[in-house]
J.: 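Structure in structure tokens, see below.
If you read the sequence from its start, that first residue is 1, and numbering goes on from there.
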Amino acid sequence: MYIITFAFGQPLAQTSLSKKQVDSITRYYDLSKTDSLSIKERLYNVTLFLKGARLSNQDSLMYNGLMTKTWLLGKASLYDSAIAYSHQLFDLARQNKDTTYLIKSFTKLGIYHKNNNQLVEAFKYYNEAFRISRIINDSIKAGKNLLQMANIQSSLGDYSGSKTTAIDGVRYMENTSDIRNLAGLYHIISVANRVQKNYNEALKYNNKALIVDTNFNRKQLLKNTKANILADQGNYSEAISILSELVSDTLIKKNKIEYARVLGNLGYVQWLNNKENESSEKLLVKSLKIRKDINDIGGLISINIYLTKYYLKKDKTQALEYAEVAYDNAKKRHSLTLILESLEFIFELRGSTNEEAKIYSQIHNELEEANQSNREIYAVTKYENDNLTNENLILKAQKAQQESETARQRSQKIMYLLGTVILALSGGFVFYLLQQRYKREKIREVYDAETRISKKLHDELANDVYNVMVQIQNEQNSPDVLDKLEEIYNTTRDISREHNSFTTGENYAAELTNMLSGFSSNETKIIIKDIEDVNWEAVDPEKKIIVHRTLQELMINMKKHSEAGLVAVTFKKTLKNVGITYADNGIGVSENEIIHSNGLRNAENRIKTIGGSFIFDSEKGKGFRARISFPN
């Protein structure tokens, strides 16, 4: 295999593996990212990719593989494995002192421990991600991690701690563009205030979230929360109005989880407003059925607690049944606060067994310890943060004093330097423009020269040969002479056609397609794929000329030498490049033949002039393949 490359930017591969091996493991990575494959198949492919990546000595490949593998393991709910590979990601980032991937590894460890119901561990890792984000002044990542920490505190019933953490998160987020997570922080503060019966503050932050968040689904969730706050205030009519509007929304009806949530809340608030309301029970039961159908464990806990409250005074037997179902689901979810809440109803309805009382006591202690641990973890970080802020303020004050003493001298130097830089930049920019214009003019000159030669060959030499052929034929000369002259005429016509003019305007794609298709015959089929995907109008005319001539050179080379039955030309547009792949099933060429092929060297040199790359891959008897890439 012989490779000619003039790619700009990163080299194709600087590894201990061959190019074919790198291409092979990259194919596994691409398959691991393919949505149409099952998670199991994608995990298999990313595992193969990681094996190859370890041999390549390229950390970037390892990062990609570990990021993808942990994500896929999380999707498959294999949280223990996801945690193990997240630790590998952390070890690699720590070894490289890579703060970006340190934050990512800590965040992943937070996510998978949280999903694995290891909330204290999750809180610890989110706190580490927050700490590094704060040190490198990444406000968005700092705010995101504080949001996750506040969510954990809320789920553990530490609403005071949750509110404090979320308020700190707002300080990082409020001047950024990340509205979604800012709204999430406002929502957490609103929920904490609602539980603490600070209803005006709860509404205040709920309204803040509604103002900044523009996403439809999240807005409906925030409206749902608003209705619950209003109901807690005793403002049942406004709460029912909001919930009735939500329950009739066609988009919400399509989302079964949200629809069941709104139905349950509407039924419960209607019952709070009027204990004799006949539709309340129907709405609650309907919500229960939907949640059973979709196996929404979290929703089943909530709706069974609502039904427990509904039947508490009416039918203690039914109320107990619903409380026990809520308890069973809370245990499945390992939701400590909801286990305690459902047990309290059970104790009220039928008393407690020794086992249940023991469980209640253990969980209560576990919650206390978890919340205490979280408060201590964040207190240390918060103390460091405050000290860091105070130190920064002192340093800034000292720095400002020093700067004021030297400001006049420095400003003079800056003015001189600025003048020099502007002059240098202006000169450099003018030189760049002249250089680019020179390149375009040279490409145009070559194109115009080829076109003139083509016209001259067609109009003069080819026509003269044709006239001689007619005269000789009229004089009935030797057929061999006529055949030789016809061969000369056809060769002249082919040379003319190879260098004739073509449009570089809006019909370029069609003309390029016609040129490529023109090489089709009974023996050779030409396939042209995705040519329209390239925005040719955004490509410089000079580059279009180079592409046309280069592909023409490849097609001529195929026609003369390859004996190919099938040729495929594929176009691909990326963010920065246009890529073209040529492949045929012909007899192929050896490395020596490529080196000495004037046509292929010409094609290589053409692509070089526009800052692109041209890579050949061929062996005798195995067809010919070329990859072209150039900046769009």
Side-chain angles (χ1 to χ4, degrees), residues 123 126 130 134 139-247 249 252 258 261-262 264-266 268-270 272-273 298 302 306 337 341 371 374-375 378-379 382 385-386 389:
F123 188 90
Y126 279 127
F130 159 69
R134 179 207 65 202
S139 296
I140 289 179
K141 284 193 174 67
K144 281 182 178 179
N145 283 292
L146 287 172
L147 172 59
Q148 295 302 326
M149 291 160 68
N151 273 320
I152 289 172
Q153 288 172 301
S154 181
S155 67
L156 290 171
D158 182 10
Y159 295 103
S160 179
S162 172
K163 185 164 67 173
T164 301
T165 306
I167 288 170
D168 287 344
V170 168
R171 294 193 184 106
Y172 284 96
M173 278 289 191
E174 60 189 350
N175 294 319
T176 72
S177 58
D178 192 342
I179 337 179
R180 175 178 181 172
N181 286 293
L182 177 61
L185 288 161
Y186 286 147
H187 176 65
I188 284 290
I189 298 168
S190 173
V191 169
N193 276 305
R194 179 195 169 201
V195 174
Q196 294 173 330
K197 303 189 186 312
N198 301 323
Y199 299 126
N200 290 334
E201 284 294 294
L203 283 173
K204 172 184 161 184
Y205 280 96
N206 178 265
N207 286 329
K208 279 176 175 280
L210 279 165
I211 289 167
V212 299
D213 202 335
T214 55
N215 179 272
F216 174 82
N217 289 328
R218 292 195 297 271
K219 266 191 176 297
Q220 307 318 303
L221 178 63
L222 292 169
K223 287 179 182 177
N224 190 59
T225 303
K226 183 174 185 175
N228 288 334
I229 298 167
L230 290 166
D232 289 341
Q233 279 185 312
N235 190 349
Y236 299 122
S237 57
E238 192 175 346
I240 289 168
S241 175
I242 293 171
L243 293 168
S244 298
E245 184 183 332
L246 292 174
V247 90
D249 191 299
I252 284 187
E258 288 307 314
R261 188 201 310 275
V262 176
N265 285 336
L266 179 58
Y268 182 66
V269 174
Q270 283 183 347
L272 288 175
N273 185 44
S302 301
Y306 275 169
T337 53
E341 186 178 359
N371 289 328
N374 291 342
R375 282 193 288 267
Y378 186 54
K382 191 171 171 58
N385 194 33
D386 291 341
T389 304

J.: Do you know which two heavy atoms are closest between Thr337 and Gly157, and how far apart they sit?
T.: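 Closest heavy-atom pair between Thr337 and Gly157: CG2-N, 3.5 Å.
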
J.: If I compare all heavy atoms of Ser190 with all of Ala202, which pair ends up nearest, and what's the gap?
T.: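 Closest approach of Ser190 to Ala202: OG-O, 2.8 Å.
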
J.: In this structure, are over 12 heavy atoms from other groups packed under 6.0 Å from Gln196 atom CD?
T.: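 Buried by this count: over 12 neighbours within 6.0 Å.
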
J.: Taking side chain as C-beta onward, heavy atoms only, is Lys197 less than 4.5 Å from Asp232?
T.: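 No; the side chains remain at least 4.5 Å from each other.
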
J.: Could you go step by step and tell me if Thr176 and Leu182 meet the side-chain contact (heavy atoms from CB on, under 4.5 Å) rule?
T.: CA-CA 9 Å; Thr176 72; Leu182 177 61; 6.0 Å; no

J.: Kindly determine whether Leu266 and Ser244 satisfy side-chain contact (heavy atoms from CB on, under 4.5 Å), including the steps that lead there.
T.: CA-CA 7 Å; Leu266 179 58; Ser244 298; 3.9 Å; yes

J.: Which pair of heavy atoms, one from Tyr159 and one from Ser154, lies closest together, and at what distance?
T.: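 Residues Tyr159 and Ser154, closest heavy atoms: CE2-OG, 3.5 Å.
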
J.: Is there side-chain contact between Arg261 and Leu221, with at least one heavy-atom pair below 4.5 Å?
T.: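 With C-beta onward as the side chain, the pair touches.
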
J.: Say you draw a straight line from OH of Tyr199 to CG of Asn235; how long is it, rounded to the nearest 0.5 Å?
T.: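 CG of Asn235 is found 12.5 Å from OH of Tyr199.
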
J.: According to side chain to side chain donor-acceptor pair (under 3.5 Å), who are the partners of Asn193, at least two apart in sequence or on a separate chain?
T.: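 Here the qualifying residues are Lys163, Asn198.
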
J.: Identify each donor-acceptor pair in which a side-chain atom of residues 205-215 lies under 3.5 Å from a protein atom, sequence neighbours left out, and give them as a table.
T.:
unit_1 : atom_1 : unit_2 : atom_2 : d
Asn206 : ND2    : Leu222 : O      : 3.0
Asn207 : OD1    : Lys226 : NZ     : 3.3
Asn207 : ND2    : Leu203 : O      : 3.2
Asp213 : OD1    : Asn215 : N      : 3.0
Asp213 : OD1    : Arg218 : NE     : 3.3
Asp213 : OD1    : Arg218 : NH2    : 3.2
Asp213 : OD2    : Arg218 : NE     : 2.8
Asn215 : OD1    : Asn217 : N      : 3.1
Asn215 : OD1    : Arg218 : N      : 3.0

J.: Indicate yes or no for a side-chain donor-acceptor contact from Gln220 to the backbone of Phe216 under 3.5 Å, with no hydrogens or angles considered.
T.: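 Yes, the answer is positive, given that a donor and an acceptor are paired below the 3.5 Å cut-off.
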
J.: Which heavy atom in Leu246 sits nearest to a heavy atom in Ile252, and how many Å separate them?
T.: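 The pair with the smallest heavy-atom distance is O-CD1, 3.6 Å.
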
J.: For Asp158, give me all partners under side chain to side chain donor-acceptor pair (under 3.5 Å), at least two apart in sequence or on another chain.
T.: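 Checked Asp158 against side chain to side chain donor-acceptor pair (under 3.5 Å); matches are Arg375.
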
J.: Can you tell if the side chain of Gln233 reaches within under 4.5 Å of the side chain of Asn200, non-hydrogen atoms only?
T.: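 Yes; the side chains approach each other to less than 4.5 Å.
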
J.: Set out, in order, the CA-CA distance, both residues' side-chain angles and the distance that settles side-chain contact (heavy atoms from CB on, under 4.5 Å) for Ile140 and Tyr172, then state yes or no.
T.: CA-CA 7 Å; Ile140 289 179; Tyr172 284 96; over 6 Å; no

J.: To the closest 0.5 Å, what do you measure between CD (Glu201) and NZ (Lys204)?
T.: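 Separation between the atoms: 4.5 Å.
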
J.: How far does CG of Leu185 sit from CD of Glu174, to the nearest 0.5 angstrom?
T.: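 Here the rounded value is 10.0 Å.
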
J.: Measure the OH-CG distance between Tyr306 and Leu272 for me, rounded to the nearest 0.5 Å.
T.: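 It is 8.0 Å, given to the nearest 0.5 Å.
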
J.: Check for a donor-acceptor pair, side chain of Thr165 on one end and backbone N or O of Ala150 on the other, with a separation under 3.5 Å.
T.: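 No, the answer is negative, given that no donor and acceptor are paired below the 3.5 Å cut-off.
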
J.: Calculate, to the nearest 0.5 Å, the distance between atoms CG and CD1 belonging to Asn273 and Ile240 respectively.
T.: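 Going from CG on Asn273 over to CD1 on Ile240, the span is 4.5 Å.
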
J.: Show your reasoning for whether side-chain contact (heavy atoms from CB on, under 4.5 Å) applies to Leu146 and Met149.
T.: CA-CA 5 Å; Leu146 287 172; Met149 291 160 68; 4.0 Å; yes

J.: Measuring from atom CG of Asn145 to atom CZ of Phe123, what distance do you get when rounded to the nearest 0.5 angstrom?
T.: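 Asn145 atom CG to Phe123 atom CZ measures 11.0 Å (nearest 0.5 Å).
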
